[in-house]
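Proteins get letters first, then strands, A, B, ... in listed order; numbering begins at 1 in each.
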Amino acid sequence: MKLEIINGHLVDPKNEINQQANVYIADGKVIAVGKQPADWQADQCIDAKNNLVLPGLVELSASLREPGHEHKATVQSETKAAAAAGITSLACLPTTDPVVDTPAQVELIEQLSQSSGQCHVYVIGALTTNLNGENLSEMAALKAAGCVGVSNVFHPMKSSLVLRRAMEYASSQDLTVFSYPLVHALANHGCVHEGITSSRLGLPGIPAAAETAAVAFQIALIEELQVRTHFCRISTHRSVSMISRARFDKLPITADTSILHLYLTDQEIQGFDGLCHNQPPFRTLDDREGLRKGLQDGSLSAICADHQPHEIEAKLAPFQSTEPGSSTLETLLPLTLELVKEDALTLSDAVNLVTQQPADILGIPAGNLCVGAYADACIVDLNHSWILNSENMLSRGKNTPLLGDQLNGRVTHTILNGKLIYETNLQ
Amino acid sequence: MRHFLQIDGLNTEDLHHILDTTESFTSVDDRAVKKVPLLRGKTIVNLFFEPSTRTRTTFELAAKRLSADVLNINIATSATTKGESLLDTLFNLQAMNTDMFVVRHPESGAAELISKYVDSHVSVINAGDGRHAHPTQAMLDMFTIRKHFKDFSKLSVAIVGDILHSRVARSQIEALNLLGTKEIRVIAPRTLLPANVEQLGVEFFQNCREGLRDVDVVIMLRLQKERMQGGFIPSEHEYFQLYGLTPERLAIAKPSAIVMHPGPINRGVEISSEVADGPQSVILQQVEYGIAVRMAILSLAMSSDDSLDTGSNN
């Protein structure tokens, strides 16, 4: 099977390509870029004239909800949504039911994703058994089963001592710890950023210090232990400063933020809209600008969707009782490209933050179109404007504060392992 | 106005309109037959997800004096403990052809949520949601103040105590600001103040000596017993020493100052009995005016006057 993508504007940050270039694919791999190989006869040709051609996107955090929460979403439904969003690799979280703390759970998810065939799915395993924060999971077994990292997500660790040991043990299995920095006692069941909005609405707030204190504490541990750590969903500008300093000091730290945190602040929550309930919470304008700056100067290495699909009922309650999180796979790319329009990022840097850099964080072979690499790519019509609504979202979760908003840029084709798996005709 | 959910979103004229309407209802109380037929044939459901005596009974009396049929439902001990969701409970009650819900709920935003899902002819009145708002209490407090002082623009008002957890304080602050109050002060230790409190339009003081100086109105807030466990204050004793309203402390305020409290009061915790029962206390007047204020708000909500609508954006 030979496939060619012609006339498109290729952006491949890894190879420093940002110009019109054809891509030639055979047997699932990229065999040439720019120059047509000798004796080339394509079985299929995609004309990407006026469109962008990108390496397939790599998503650091998507909750696929299966097993255990199939009323929210399934591996099949969400990987389909990923394909339509140009995402060809994603990492899913251990917060299923049962928790992903044994090889059997990893294998189940891998089987489900293979039979769906829409996206490469990588599993982040539980750092502690049943995420109880107390007993270490069998990390060597999880790694052998294919886990790309371990995390306790937002479940608290029993003590700082257990955290230290878990980080060390993960390190000796050569596993990256995906840390969600939060001092739970300071967060104290809050549901919005602590500030004027929480005061006005009478909602319990989560102070910025609930995050920054945890980041500072863990940086101190990492400095001593030299354990590879990725900070997930940084939401405050002070955390960005600390991470920036730690990276300058050559500590083995990376960090990401979510796409919604680059746009939304606590000001959006005026009407108790449960769709704005997020963890970590949307913070202030200063924080939002600090996160954007962190992406510009390299303190933050990736933008992620932080995809959390929910059933409708999960958001139909008083704000504090709604479940946090948004369904965001399908907005990751348009909103990332919007940052380019707003001059917050160059096109190449923006693409890098959702392709090669998250791939490096996960340690997976993805995020570029090098000759010989797996041919995962997407084609984007940059000029297509569309309104996000529950009908055109493929994710089973329709929970996003952006419903009804106009988005610019839409994926027209997605290629996985050299095969066209998604195509849409835009009007 | 169809819904009455919060003070925020109303304007100064709206508040005066409510206060003027209240004035016209105060005389109903003095009649031999304390009833007017304004809401005859209407069904009002008091939907209380949290225990309450004063607020529920004054709403009930207000509705009955307007000749409405009233149903009291105490959900704290019924449906939601059976796993029924807030909205399912609501839809079931709405199916019984009710015209209005008076809602009290322990979570902020509950009344607004309900207002978004009721049928278009049904009104929702917020009788207190979490820490967010208690707008009818704030209106009866404004009415009480207006009874004693004509001009808000000359008044200094101090609110003393647990501002952080108080829906009453939030609504009072909004109403006092709308009515053009000269000076609004809050007095509390930092642990009982919400973040960025000054952005609510108040000045904050950490001690009564400065905070009460020359004020016209002192509003004391109730201190919940559980605040001692949460590490907000060390003890009732120390709290009373620092913030309890005693005759000596009240003397710092203007001689003409009035003392208010949304109730129920904790004698010897936030207020001494001498002050609570003393000549400057208007605490029982507040309760009395509570009925007329609620009659005004119920009747305005049930009238077709859409000029007042605190239902948020829709």
Original post:
Within a radius of less than 6.0 Å around NE2 of B/H121, do more than 12 heavy atoms belonging to other residues, nucleotides or ligands occur?
Top reply: yes
Original post:
With only heavy atoms counted, which part of A/P204 is less than 4.5 Å from chain B, the side chain, the backbone, both or neither?
Top reply: both
Original post:
What is the distance from atom NZ of B/K116 to atom CG of A/D273, rounded to the nearest 0.5 Å?
Top reply: 6.0 Å
Original post:
Taking everything shown except A/K398 itself, do over 12 heavy atoms lie less than 6.0 Å from its NZ?
Top reply: yes
Subject >> Contact summary for A/G202 and B/S108, nearest pair of heavy atoms >> reply: O-OG, 2.6 Å
**OP:** Would you give the length of the straight line joining atom CG of B/L86 to atom OG of A/S321, rounded to the nearest 0.5 angstrom?
**Re:** 9.0 Å
**OP:** Verify side-chain contact (heavy atoms from CB on, under 4.5 Å) between B/L113 and A/F319, making sure each step is shown before the conclusion.
**Re:** CA-CA 9 Å; B/L113 177 79; A/F319 191 93; over 6 Å; no
Original post:
Of the backbone (N, CA, C, O) and the side chain (C-beta and beyond), which part of B/H165 lies under 4.5 Å from a heavy atom of chain A, both, or neither?
Top reply: neither
Original post:
Of all of B/E107, B/H105, B/R167, which one pairs up most often with chain A through heavy atoms under 4.5 Å apart?
Top reply: B/E107
Original post:
So which of B/A195, B/A111, B/G130, B/P194 has the biggest tally of heavy-atom pairs under 4.5 Å with chain A?
Top reply: B/A195
Original post:
At what distance, to the nearest 0.5 angstrom, does OG of A/S198 lie from CG of B/N196?
Top reply: 7.5 Å
Original post:
Should we say atom CG of A/L161 is surrounded by more than 12 heavy atoms from elsewhere, each under 6.0 Å from it?
Top reply: yes
Subject >> Worked verdict on A/L203 versus B/R131 for side-chain contact (heavy atoms from CB on, under 4.5 Å) >> reply: CA-CA 7 Å; A/L203 291 171; B/R131 306 178 189 178; over 6 Å; no
Original post:
CZ/A/R200 to CD/B/E174 distance, rounded to the nearest 0.5 angstrom?
Top reply: 8.0 Å
Original post:
At a heavy-atom separation under 4.5 Å, does B/R170 approach chain A through its side chain, its backbone, both, or neither?
Top reply: side chain
Original post:
Is the closest side-chain heavy-atom distance between A/I196 and B/L200 below 4.5 Å?
Top reply: yes
Original post:
Any chance NZ of B/K182 has more than 12 other-residue heavy atoms, nucleotides or ligands included, within less than 6.0 Å?
Top reply: yes
